[in-house]
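Worth saying up front: this structure is predicted, and the values here are computed from it rather than measured.
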Amino acid sequence: MPLIYIVEDDVNIREIQRYALKNSGFQVQEFECGRELRQAVEKKVPSLILLDIMLPGENGLDILIELRRSRATAKVPVIMVTAKSSELDKVKGLDLGADDYMTKPFGVMELISRVKALLRRAEALPEAAVISNGEIVVDTKERSVTVGGKACELTFKEFELLKMLLLNAGIVLSRDKIMDQVWGFDYEGESRTVDMHIKTLRQKLGRGASSIKTVRNVGYRMDRES
């Protein structure tokens with residue numbers, strides 16, 4: 001049974017999250033701050049973390065940076081939860097390694113759908129194969145990426161997005177198709193999530209990003225390179 005850690009200082013929101021998750025068959029532990037989360041992670045690493053940005057005494061984004069720097073939690077899926085709704089806030093969270101982003105207020109069904117979709121992909125066993133295109137090399141077994149021989153650290157979603165582009169090199173992929181395959185759900189108006197992930201992926205790939213082309217009004221394509 002997957003274990004979910006909730007880091008949220010608002011008792012009412014935390015209770016809603018706990019109730020919804022437990023009713024969907026998840027184990028849940030709740031924390032009000034980063035200090036409590038750190039103590040819990042030392043004892044047991046969870047399957048997924050719901051992390052609020054506005055926490056007492058510490059910003060959730062700083063906690064996210066710590067989680068991604070630690071070998072124990074580097075690959076643990078993290079969904080940021082916040083009252084902020086600007087695109088800049090979302091991009092910042094994704095740039096720092098968040099796998100998904102939810103803005104308060106949100107529906108219980110949306111929460112459960114996103115958690116389940118992220119866990120399905122995190123728990124799926126990748127095939128033992130190496131995919132390459134030009135200077136980009138992806139090892140799906142080790143979940144590692146190199147560009148020109150140099151390691152490139154990607155979040156879970158960025159890795160899945162890059163893998164999809166590589167496996168479909170030369171084919172135009174619509175935002176809806178990417179959303180469905182990489183995220184496992186399709187929320188109206190959420191295509192901006194794809195655009196933001198493409199942006200952060202391009203930044204991390206550096207010179208390897210030139211092969212990712214934007215197809216206006218449709219989506220994206222990975223050009224084949226020798």
All salt bridge (Lys or Arg N to Asp or Glu O under 4.0 Å) counterparts of Glu36, not counting sequence neighbours: none
Nearest atoms (heavy-atom pairs only) where Ala98 meets Met80: CB-CG, 3.4 Å
Exercise: identify the closest heavy-atom pair between Asp99 and Pro77: OD2-CA, 3.2 Å
Heavy-atom pair of closest approach, residues Thr73 and Leu67: OG1-O, 2.6 Å
For Arg35, all residues meeting salt bridge (Lys or Arg N to Asp or Glu O under 4.0 Å), sequence neighbours excluded: none
Non-neighbouring partners of Asp223 that pass salt bridge (Lys or Arg N to Asp or Glu O under 4.0 Å), sequence neighbours left out: Arg221
Nearest heavy-atom neighbours spanning Leu205 and Cys152: CD2-SG, 4.1 Å
Validation row: Leu118, Lys157 side chains within 4.5 angstrom (heavy atoms): yes
Beyond-backbone contact of Leu111 with Gln17, side-chain heavy atoms, under 4.5 angstrom: yes
Just distance, no hydrogens or angles: give the donor-acceptor pairs under 3.5 Å from side chains in residues 40-50, sequence neighbours left out.
| residue | atom | partner | partner atom | Å |
| --- | --- | --- | --- | --- |
| Ser47 | OG | Leu3 | N | 3.1 |

Any pair counted as salt bridge (Lys or Arg N to Asp or Glu O under 4.0 Å), so long as it reaches residues 2-12, sequence neighbours left out: Glu8-Lys104
Residues which pass side chain to side chain donor-acceptor pair (under 3.5 Å) with Asn23, listed by chain and number, not counting sequence neighbours: Tyr19
